[in-house]
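Encoded as structure tokens, the structure appears first; notes follow it.
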Amino acid sequence: MKPRAYSYLRMSTAEQLKGDSRRRQLEKSRAYADEHGLELAEVNQLEDIGISAFRGDNVRDGALGRFLDVVKAGSVQRGSYLLVESLDRLSREDILPALTLFLSIVQAGITLVTLTDKRVYRAEDIEMLDLMTTLVVMERSNNESVEKSDRVGNAWKQKRVRAAGGEPMTARCPAWLALAPDRKSYQVVPERAEIVRQIFADTVAGMGMFSIATRLNKAGVPAFEGKKGWHRSYLAKTLDNRAVIGEFQPHTKVSGTRVPDGEPIKGYYPAIVAEDLFFRAQHSRSQRKIGGAGRKGPGYANLFTGLARCAYCHSRITFENKGAGTRGGTYLICSDAQRGRGCTATRWKYLDFEASFLAFVQELDLESILNANEDAAKRKALEDELRSLRGELASISESMEKTYAVLNAGGPPEFIAGKLNELSAKKATLSALLESKEAEQNHFAGRDLRLYISRDEIRDLVSRLQMPPSDELYRLRAQIASRLKVLVETLLVAPQGRGPISQKVIRELQELAGANDADVIAHMRSVAGESPESRRYFAVGFRDAAVRVVFPTYDNPLLYEQQIVADNRAKGGETSIEAIYPDGSFPVA
């Protein structure tokens with residue numbers, strides 16, 4: 001059998017693929033194999049494209065390293081050939097690691113051939129002259145790489161100094177910018193910048209990336225990259241890109257890992273998005289990850305996706321569409337009940353539930369979303385500021401996680417420690433500011449908890465939100481859903497009131513006490529059958545620990561029989577509990 005030969009190609013930059021380097025190396029390997037009767041392993045050709053040998057990346061992470069592992073495992077027959085253009089394709093490291101690599105190859109029984117000078121290295125045939133020649137080549141290759149690295153590093157440092165003064169480091173820039181004709185600045189491409197701003201605005205309003213991409217594609221807006229339209233992955237990169245607020249973060253490679261090179265350069269790019277909008281978008285995205293991501297239909301049908309739970313078994317509440325017709329419509333139902341897993345199967349008509357929730361849960365502050373009066377504008381501005389702070393905190397936490405990951409990958413400890421200290425200090429400052437703003441919001445909400453718009457106005461607002469689907473309605477409903485995820489910790493839905501809960505207690509008493517507590521059990525059954533006990537209700541637990549329980553009437557969702565409000569913002573830190581009936585100050589139809 002012919003000895004098997006493996007061709008190893010390495011190019012330190014992918015740009016070299018556009019030139020003649022790859023073809024040249026391949027042709028030399030084929031010619032040598034044909035001339036010396038070798039079987040060239042075309043299928044198992046070894047290539048490290050865009051990988052440097054200066055720090056041993058090709059051995060540690062590349063195809064050469066994987067080949068050496070296979071050789072050590074005995075899967076490559078001794079006497080096989082490794083064909084390389086020259087020794088500097090194998091390594092440009094310091095002389096000792098380069099020589100160690102060279103010897104490990106030939107001592108494993110692999111014949112090493114350098115195609116440029118046709119030199120053949122076998123362990124049993126190597127002489128002193130071969131080693132001396134090898135050492136000279138290795139030292140020269142390393143010196144060339146060191147000089148090149150120094151030149152590139154110094155040039156990069158000079159570019160960075162000039163960049164701090166506003167001069168572009170490179171012609172490459174985000175898709176919404178272009179290099180000015182004088183090459184001394186970047187210019188905004190107005191129509192593209194407006195698209196980016198709308199993407200951020202839609203995200204803050206609660207729209208997901210699928211919906212945004214669909215909107216852009218339906219409107220015929222040309223994508224910034226490729227010819228296949230907008231994709232969620234590109235939108236995600238755009239929303240993460242701090243270049244929209246003018247920042248540029250240079251990077252460098254350390255031990256094969258791409259790490260930040262110094263601090264971000266602020267003002268390097270023209271900012272096209274305000275910082276508060278950027279961080280509000282990050283917060284909105286984080287809230288969608290908690291629950292509710294995915295398609296929402298043309299009208300954002302369910303505002304409570306990921307929030308509502310069954311009051312009886314705490315399973316997820318499902319949105320059910322039974323289609324058109326007299327028995328059709330949309331409903332909320334316990335997912336366990338829907339699947340026949342034992343819970344009560346009573347449904348709550350979705351539009352009735354939504355109307356009651358929007359009408360009576362004042363903490364949502366529906367007016368500030370739909371109307372633009374002065375008080376509503378103040379409340380919305382405060383909420384926007386809070387969302388921006390939360391988004392910035394989330395961004396800092398993510399940066400800290402990435403920095404820890406770089407440390408674990410062998411990044412420079414001193415730089416990383418400084419970066420972490422800086423991020424920790426900024427996080428502490430923002431956390432204190434967030435706490436202050438949350439206290440301001442609580443004070444604002446507590447000041448006028450019982451003041452609300454008139455019953456006619458609330459009826460009109462609810463009607464607006466239940467009109468036929470449109471793009472504008474989708475944005476409004478998405479914004480409401482986004483705010484709910486910020487405000488609400490728990491939402492329990494009880495379509496049959498407390499009846500099923502009482503029945504569960506009765507069953508437990510029967511199992512524990514049997515006939516000994518027949519009087520107690522009889523009393524519990526009597527209570528469970530009373531009208532107040534069987535009234536349906538929903539309970540909302542807010543993130544500030546306040547609670548609101550609403551008992552809507554059956555025949556009119558904009559009427560209620562009773563509300564219970566537990567407010568932890570009372571003076572002295574005590575929780576106040578208040579039962580409110582229709583003759584109070586809440587709106588009724």
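Numbers for residues simply follow the sequence, beginning at 1. Computed from a predicted structure; not experimentally measured. Heavy-atom basis, side chains included; hydrogens, waters and symmetry copies ignored.
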Could you verify whether a donor N or O on one side chain and an acceptor N or O on the other, from [X] and [Y], lie under 3.5 Å apart?
X    : Y    : result
Q338 : E320 : yes
T346 : Q496 : yes
T553 : Y560 : no
Q562 : R535 : yes
Q563 : R548 : yes

To the closest 0.5 Å, what do you measure between [atom1] ([X]) and [atom2] ([Y])?
X    : Y    : atom1 : atom2 : result
T305 : I317 : OG1   : CD1   : 12.0 Å
L491 : F542 : CG    : CZ    : 9.0 Å
R197 : D202 : CZ    : CG    : 14.0 Å
L303 : E354 : CG    : CD    : 4.5 Å

Test your reading of the model: is there a side-chain donor-acceptor pair from [X] to the backbone of [Y], 3.5 Å cut-off?
X    : Y    : result
S335 : R316 : yes
N217 : G229 : no
S315 : C334 : no
Y350 : A301 : yes
Y331 : G328 : yes
R192 : A175 : yes
E363 : L487 : no
R232 : A213 : no

Check [X] against [Y] and note the closest heavy-atom contact, atom names and distance.
X    : Y    : answer
L239 : F278 : O-CE1, 3.4 Å
L473 : R464 : CD1-O, 3.4 Å
F319 : N302 : CB-ND2, 3.5 Å

Could you note down all residue pairs passing ring-ring contact (aromatic ring centres under 6.0 Å, His included) where residues 475-498 supplies at least one of them, sequence neighbours left out?
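Non-adjacent pairs meeting ring-ring contact (aromatic ring centres under 6.0 Å, His included): zero.
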Below 6.0 angstrom between ring centroids: does that apply to Y186 and Y268?
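Between Y268 and Y186, which both carry aromatic rings, the centre distance is below 6.0 Å.
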How are the rings of Y537 and F551 set relative to one another: parallel (under 30°), tilted (30 to 60°) or perpendicular (over 60°)?
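Answer is tilted, since the angle falls between 30° and 60°.
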Set out, in order, the CA-CA distance, both residues' side-chain angles and the distance that settles ring-ring contact (aromatic ring centres under 6.0 Å, His included) for F357 and F304, then state yes or no.
CA-CA 10 Å; F357 189 100; F304 310 100; 4.9 Å; yes
